[in-house]
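Here the structure is laid out as structure tokens; the discussion comes afterwards.
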Amino acid sequence: QVQLVESGGGLVQAGGSLRLSCVVIGRISSINTMGWYRQAPGKQRELVADITSAGSTNYSDSVKGRFIISRDTAKNTVYLQMTSLRPEDTAVYYCNADFIQRLSRRESWGQGTQVTVSS
């Protein structure tokens, strides 16, 4: 009964900024990697950025230098600070986490939050 809840999506003009948040709710031992993915209509879901428990980050080439992923371990929360947004960033953004629950590795997804960037 682990849930991932995203927030922070919305409508913004090109060049603007948004900050997405995702909190993991449930009884877990630890969280390994957390990441943000996005999916535009008619396209496959793609990785935007992820971050390991050690703090190592990985970014899609299309967002490098514009987005920053971070996490607050104590709050079981991951963030995505998005700046210099472009219309092509428009998509539903999904939070993902793999974690340990009762000595088992599990994975879960959030419900998604819409990000729309206008010209």
Side-chain angles (χ1 to χ4, degrees):
Q1 296 180 333
V2 174
Q3 294 184 343
L4 277 62
V5 182
E6 303 107 329
S7 62
L11 175 64
V12 65
Q13 291 185 329
S17 301
L18 285 173
R19 189 192 192 208
L20 306 183
S21 299
C22 172
V23 60
V24 179
I25 302 173
R27 296 185 180 276
I28 57 176
S29 297
S30 62
I31 301 175
N32 301 318
T33 300
M34 303 186 75
W36 288 96
Y37 294 71
R38 66 187 181 187
Q39 187 169 22
K43 296 184 178 181
Q44 294 184 341
R45 188 173 300 185
E46 64 175 358
L47 174 69
V48 177
D50 59 24
I51 183 168
T52 70
S53 60
S56 298
T57 58
N58 179 58
Y59 296 92
S60 166
D61 287 342
S62 64
V63 307
K64 285 182 179 178
R66 299 189 298 121
F67 294 6
I68 298 176
I69 188 170
S70 61
R71 65 190 290 172
D72 186 327
T73 301
K75 296 181 179 179
N76 291 337
T77 301
V78 64
Y79 306 94
L80 186 67
Q81 179 65 54
M82 305 184 293
T83 60
S84 301
L85 283 163
R86 306 165 180 171
E88 52 263 42
D89 294 319
T90 296
V92 177
Y93 284 69
Y94 296 91
C95 178
N96 174 266
D98 67 85
F99 52 90
I100 304 298
Q101 184 180 54
R102 296 182 178 178
L103 304 182
S104 298
R105 182 177 180 272
R106 302 179 185 276
E107 183 183 57
S108 187
W109 291 86
Q111 81 287 350
T113 184
Q114 177 70 47
V115 172
T116 302
V117 184
S118 63
S119 301

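Keep in mind that the numbers below use all heavy atoms, side chains included, and drop hydrogens, waters and symmetry copies.
In the hydrophobic clustering of this structure, Val78 groups with Val24; members are Ile, Leu, Val, Met, Phe, Trp, Tyr whose side-chain heavy atoms approach within less than 4.5 Å, directly or through other members. Residues Ile28 and Ile51 are members of one and the same hydrophobic cluster, defined by side-chain heavy-atom contacts under 4.5 angstrom among Ile, Leu, Val, Met, Phe, Trp and Tyr. When hydrophobic clusters are built by joining Ile, Leu, Val, Met, Phe, Trp and Tyr residues whose side-chain heavy atoms come closer than 4.5 Å, directly or via intermediates, Val92 is not grouped with Trp36. Residues Val12 and Ile68 share a single hydrophobic cluster, defined by chaining ILVMFWY side chains whose heavy atoms lie under 4.5 Å apart. Note on Tyr37 and Met34: separate hydrophobic clusters, where clusters join Ile, Leu, Val, Met, Phe, Trp and Tyr whose side-chain heavy atoms are under 4.5 Å apart, directly or indirectly.
Heavy-atom contacts from other residues, nucleotides or ligands closer than 6.0 Å to CD of Glu88 number more than 12. Within a 6.0 Å sphere centred on CD of Gln3, heavy atoms belonging to other residues, nucleotides or ligands number 12 at most.
Atom CD of Glu107 is separated from atom CG of Asn32 by 10.5 Å, given to the nearest 0.5 angstrom. In this structure, CD on Gln101 lies 7.5 Å from OG on Ser29, to the nearest 0.5 angstrom. To the nearest 0.5 Å, atoms OG1 (Thr33) and CG (Asn58) are separated by 10.0 Å. Atom CG of Asn96 sits about 7.5 Å away from atom CG of Leu4, to the nearest 0.5 Å. How far CG of Asp89 is from OG of Ser62: 7.0 Å, rounded to the nearest 0.5 Å. Once rounded to the nearest 0.5 Å, the distance linking CG of Leu11 with CG of Leu18 reads 9.0 Å.
Side-chain N or O atoms of Arg71 include one that pairs as donor or acceptor with a backbone N or O of Thr52 at under 3.5 Å. Using modelled atom types, no side-chain atom of Ser60 and backbone atom of Val48 make a donor-acceptor pair closer than 3.5 Å. With hydrogens and angles disregarded, no donor-acceptor distance shorter than 3.5 Å links the side chain of Glu6 to the backbone of Leu20. Using a distance-only test at 3.5 Å, with no hydrogens or angles considered, no donor-acceptor pair links the side chain of Tyr59 to the main chain of Arg66. A distance-only check finds a donor-acceptor pair linking the side chain of Thr90 to the backbone of Val117 [under 3.5 Å].
Classification of the Tyr94-Trp109 ring pair by plane angle, with boundaries at 30° and 60°, yields perpendicular.
Using a 3.5 Å distance cut-off with no hydrogens or angles, the side chains of Tyr93 and Arg38 do pair a donor with an acceptor. If you check the side chains of Thr116 and Gln114, you find a donor sitting under 3.5 Å from an acceptor.
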Checklist entry - Would Ile31 and Asn76 count as a side chain to side chain contact (heavy atoms under 4.5 Å, CB included) if you check the C-alpha gap in whole Å, the side-chain angles of each, and the deciding distance to 0.1 Å? => result CA-CA 8 Å; Ile31 301 175; Asn76 291 337; 3.8 Å; yes

Checklist entry - How far apart are the C-alpha atoms of Met82 and Val63, what are their side-chain angles, what is the distance that settles it, and do they pass the side chain to side chain contact (heavy atoms under 4.5 Å, CB included) test? => result CA-CA 9 Å; Met82 305 184 293; Val63 307; over 6 Å; no

Next on the checklist: Assess the residue pair Ile25 and Val5 against the criterion (side chain to side chain contact (heavy atoms under 4.5 Å, CB included)); give the C-alpha distance rounded to whole Å, side-chain angles, the decisive distance to 0.1 Å, and a yes or no.
Outcome noted: CA-CA 8 Å; Ile25 302 173; Val5 182; 4.0 Å; yes

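By the 4.0 Å N-to-carboxylate-O rule, Asp98 lies close enough to Arg105 to be salt-bridged with it. In summary, Asp61 and Lys64 engage in a salt bridge, as defined by a charged side-chain N under 4.0 Å from a carboxylate O.
Closest of all the heavy-atom pairs between Ser119 and Ala14 is CA-CB, 4.5 Å. Between Phe99 and Ser30, the shortest heavy-atom distance links the atoms CB-O, 3.2 Å. Of all the heavy atoms in Lys75 and Thr77, the pair that sits closest is O-OG1, 2.8 Å. Residue Gly35 comes nearest to Ile69 through the heavy atom pair CA-CD1, 4.3 Å, listed as atom of the first residue, atom of the second, then distance. Contact detail for Ala40 and Ala91: the closest heavy-atom pair is N-CB, 3.9 Å.
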